[in-house]
Each structure stands twice: as structure tokens, then as C-alpha cells.
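All ligand and atom numbering here is 1-based and tracks the order in the structure.
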Amino acid sequence: MEQTLALIKPDAVERNIIGKILAMIENDNFKIRHMKLTQMSEQLAKTFYAIHEGKSFYDKLIKYMTSGSIIALVLEKENAVASYRKLIGATDPAKADDNTIRKLYALDKSFNSVHGSDSVENAKIEISIMFGD
Ligand code: IDP
Ligand code: MG
């Protein structure tokens with residue numbers, strides 16, 4: 001069964017909407033296989049988001065992702081990667097479909113409440129970064 005890496009980001013943990021987001025994940029028939037409350041160090045955030053190094057929003061992204069607690073999750077389902085990307089919606093909540101997590105809860109394109117792996121290959125890498133092998 002396919003797995004993906006999901007994060008509930010600091011803006012959502014701070015606004016007490018972990019439960020609402022987990023309910024959407026469970027209602028969409030994902031199985032939660034691993035879950036932890038943690039806080040990213042600067043080094044971990046830079047490893048996790050290495051692909052975005054040099055982009056205009058990179059420094060802000062690292063500051064945001066290390067600013068408070070996050071929930072890290074390994075989710076399992078058929079086509080988990082694509083299915084979870086569909087559930088979270090577009091990066092910018094203004095462009096996200098109705099009833100997606102980001103449409104309902106994200107503040108803006110920067111503080112967008114959740115992360116989801118964008119490919120099966122990256123899911124494996126991100127699961128290993130957040131949970132080890
Ligand atoms: P994704 O989270 O939908 O996969 P990515 O392009 O991989 O989007 O960007 C990673 C994260 O960086 C986003 O979720 C968001 O927090 C932040 N980000 C992306 N693009 C922008 C932008 O144009 N301005 C500000 N923040 C951005
Ligand atoms: Mg991405």
C-alpha cells in the first residue's frame with residue numbers, strides 16, 4: 001500500500017485545528033501509520049526543503065516551519081500521494097478547490113497549514129527525514 005508524508009504546519013497547530021485536519025484525513029479513508037508532535041530544527045527544515053533553496057520565499061519558509069510545533073504523519077492508502085495532494089488542495093488557498101484542507105483552513109500561500117509529498121519518490125525521502133528508516 002502506498003504511503004505519503006503529511007505535516008500539519010505551525011500555523012494550524014497554533015490555531016488548535018489539528019483535530020479538524022485529522023478528521024478530514026480519516027474521513028478520506030487514509031490510515032495513520034505514524035504520527036508525532038515535534039518541532040523542526042533549522043537544519044532539519046533546510047534538509048526537508050532543500051529543493052526550494054534560493055527561491056524568494058525560502059528564508060521565510062524556513063523561519064515559518066521552525067517557528068512552532070508541527071504534526072508529522074505517515075499516511076497510507078491506495079494512491080496515497082496523489083490522493084492526499086487532492087485533499088489538501090493548491091499551495092495558494094485562493095486557488096484551492098472547495099472542501100480541501102487548504103481552502104478551509106490555510107491563511108495564505110505562505111502559511112498554508114499542511115504539507116503533502118509531491119511524488120512517491122519524495123514521499124520515501126521525506127518519511128525517512130521525519131521518521132528515519
Ligand atoms: P506545496 O506545499 O504545495 O508542495 P511548494 O511549491 O512545494 O508547495 O512550496 C513549499 C511551501 O513553501 C508551500 O507550502 C508554502 O508554505 C511555501 N511557498 C510556496 N510558494 C510560495 C510563495 O510564492 N510565497 C510564499 N510562500 C510560498
Ligand atoms: Mg512541495
Neighbour count >12 (heavy atoms, 6.0 Å) for atom NZ, Lys63 | no

Check: Asp11 and Tyr105 side chains under 4.5 Å, non-hydrogen atoms | no

Take Arg85 and Thr4 through the test side chain to side chain donor-acceptor pair (under 3.5 Å) and record every step on the way to the result.
-> CA-CA 10 Å; Arg85 291 291 296 200; Thr4 193; over 6 Å; no

How would you list, by chain and number, the residues with a heavy atom under 4.0 angstrom from ligand 1?
->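 If the criterion is a heavy atom under 4.0 Å, then ligand 1 touches Lys9, Tyr49, His52, Phe57, Leu61, Arg85, Thr91, Arg102, Lys109, Ser110, Asn112.
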
Taking the inter-plane angle between the rings of Tyr64 and Phe111 on a 0 to 90° scale, is it parallel (under 30°), tilted (30 to 60°) or perpendicular (over 60°)?
->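 Perpendicular, since the angle between the ring planes exceeds 60°.
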
Is Asp28 paired with Lys77 through a side-chain N to carboxylate O contact shorter than 4.0 Å?
-> yes

Any chain of hydrophobic side-chain contacts (each under 4.5 Å) joining Val120 to Ile125?
-> no

